[in-house]
Amino acid sequence: MIATRQLLRGDVLTAPRSGDVRLLRDHVVVLADGRIDAVRPPQTGDPTASDLLLLPGFVDLHCHWPQGHVRGRFSGALLPWLRTHIWPAEAKFDVSAVATQRAASFVAELLSCGTTAGMFFGPPFLEASRRFLTIAPAGMIDGPAIMETNCPTELQQPASDVLKALQAVPPGERARLVVSPRFAPNLTREGLAGCGKMARDLGLPAQSHLSENTDEIAWVQALYPEASSYTDVYDRAGLLGPHVVLAHGVHLSDTELARLAETGTIVAHCPTSNAALGSGRMPVERLNAAEVPWVLATDVGAGPQLSQLHVMAEFIAQHEQAGVTVTACEALDRATRVPGTWLAERDDNLVGLGTLTEGAPGHVVAVRSPGGQSAEDTLRNLFAAAAPAYETAAQQVWCWGEPVQIGRG
Ligand SMILES: [Zn+2]
C-alpha cells in the first residue's frame with residue numbers, strides 16, 4: 001500500500017463503544033497507510049477549521065447489489081414485486097460483462113453514499129459474485145443468491161451444485177463469500193440443510209430473509225408444515241447462529257424471538273424497505289426486550305436509497321410514530337459500529353470497522369455540519385438537512401484512507 005497521510009478537520013461523531021456516541025468538536029482525524037492513525041484536538045500546522053461533520057463509513061449488512069440500478073423503481077408487496085420485477089432483472093447477470101459493469105457502478109454509487117463496508121446478496125450466479133469481489137474493497141463480502149425452486153427456471157440451480165462450486169473457490173477468496181439461500185420458499189429442505197452445514201463446516205457467514213410479509217409467512221407454513229414457525233425452518237436446517245444475518249423479522253412470535261436470541265442470530269432491520277413494500281413495522285422494542293441482536297440495513301433495491309442516512313431517518317420516523325422510544329445515536333451505532341464489529345469478528349484486518357478510533361480502517365464520511373447541541377441533536381439535524389436526497393449528502397468519503405471519487409447518478 002502507498003504510504004499516504006491525510007488530516008481531516010471538523011466536528012467528529014462516532015460510537016467507539018456500545019451506548020457511547022460522542023460528539024468531538026473541532027477535531028482532526030489523521031489517516032495514515034489506509035487506517036486511522038489518531039483522532040485528536042487541532043495542533044499548529046493542521047488544516048484550518050471546517051464546517052464539516054466527520055462520521056465513520058457506514059456499514060450495510062443487507063443489500064442486493066444486482067438491484068442497485070432498479071432501486072426504488074417498483075412497489076407492491078414482496079412476492080409480486082419479486083416475481084414481476086426483481087427476478088427478471090437478476091436473470092441478466094448470467095452474462096459476465098453485465099455483472100462486471102453493474103458491480104462496478106454499484107460499488108461506485110455505494111461508496112459515494114458513504115457506505116464503505118457490508119454484506120451483499122449477489123445474483124444467483126457464483127461467477128458474478130466473484131467478479132463483485134474483485135471490484136469491491138476489502139470489508140465488502142457477498143454470495144450468490146441460492147434458488148432451487150419456486151422461481152424462473154433460468155435462476156434455478158441445485159443448492160448442492162452451488163455449494164460444491166463455492167467449496168472449490170481458493171480459501172483466500174472464499175473467505176469473502178457468504179452462503180446465501182435467498183429465502184425458505186426458494187430452497188428444498190435438503191438444500192437449506194446443505195447451506196447450514198456448509199456455512200458451519202467452512203466457517204463462512206450465512207444470510208437469508210425471515211418473516212417479512214404475512215403472505216410470505218403463510219407460504220412458508222404451507223411449504224414446511226412440519227416446522228412450528230418460519231424461524232424453525234431455518235433452525236431445523238442449522239441456519240441460526242451468530243454467523244447468520246436474517247433480514248426483516250417483522251412478524252415474529254415471542255418463541256421465535258427467544259430462539260433467535262438464544263442462538264445469537266442477527267436480524268437486519270430494513271425500515272425503508274419495510275415502508276416501500278408495505279411489510280409493516282418491525283417491533284424493535286420486542287427485539288430489544290428479547291435481546292435479539294440487530295443492525296440497520298438498506299435492503300436495496302426494495303429499499304429505495306443506498307444511503308444509511310435514509311435508513312436511520314426512517315428508523316426514527318417509523319418507531320416514534322408508533323410511540324416507541326428510539327434515538328438517533330442508537331441508529332448511528334447500528335449502522336456503523338455494530339455491523340462493523342460483526343464483520344471484524346471474521347477478519348482481523350477489519351478491527352475497529354465502523355468507528356473513528358486509532359487503528360480502525362480509514363473509512364470516513366464528511367457531511368456539511370448541520371449544527372446541534374449534542375450528538376443526538378446533531379444527528380437529528382443531519383437527517384432533516386439531508387432529506388429527501390440522502391444519497392447526495394456526503395461531501396467527501398475516504399475508503400481505506402483513499403478519497404473516493406464522488407459520482408452522482
Ligand atoms: Zn433483501
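Every number for a ligand or one of its atoms is a count from 1 in the order of the listing.
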ask   = When you measure from the centre of the six-membered ring of Trp294, is the NZ or CZ of Arg334 under 6.0 Å away and within 45° of the axis?
value =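 Here Arg334 passes the 6.0 Å and 45° test against Trp294.
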query = Can the ring centroids of Phe183 and His248 be said to lie less than 6.0 angstrom from one another?
reply =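 No, ring centres 6.0 Å or more apart.
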key: Parallel, tilted or perpendicular, as decided by the 30° and 60° cut-offs, for the rings of His209 and His62   =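 Taking His209 first and then His62, their aromatic rings stand perpendicular (interplane angle over 60°).
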ask   = Would you call Arg189-Glu226 a salt bridge at under 4.0 Å N-O?
value =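 Yes, Arg189 and Glu226 are salt-bridged.
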ask   = At the Zn ion (ligand 1), what is the angle formed between atom NE2 of His209 and atom NE2 of His64, rounded to the nearest 10°?
value =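 Reported to 10°, the angle equals 100°.
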query = Does any N, O or S atom in Cys63 come within less than 2.8 Å of the Zn ion (ligand 1)?
reply =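 So Cys63 does not bind the Zn ion (ligand 1) by this criterion.
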key: For the Zn ion (ligand 1): the N/O/S atom of Asp299 at shortest distance   =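 It is OD1 of Asp299.
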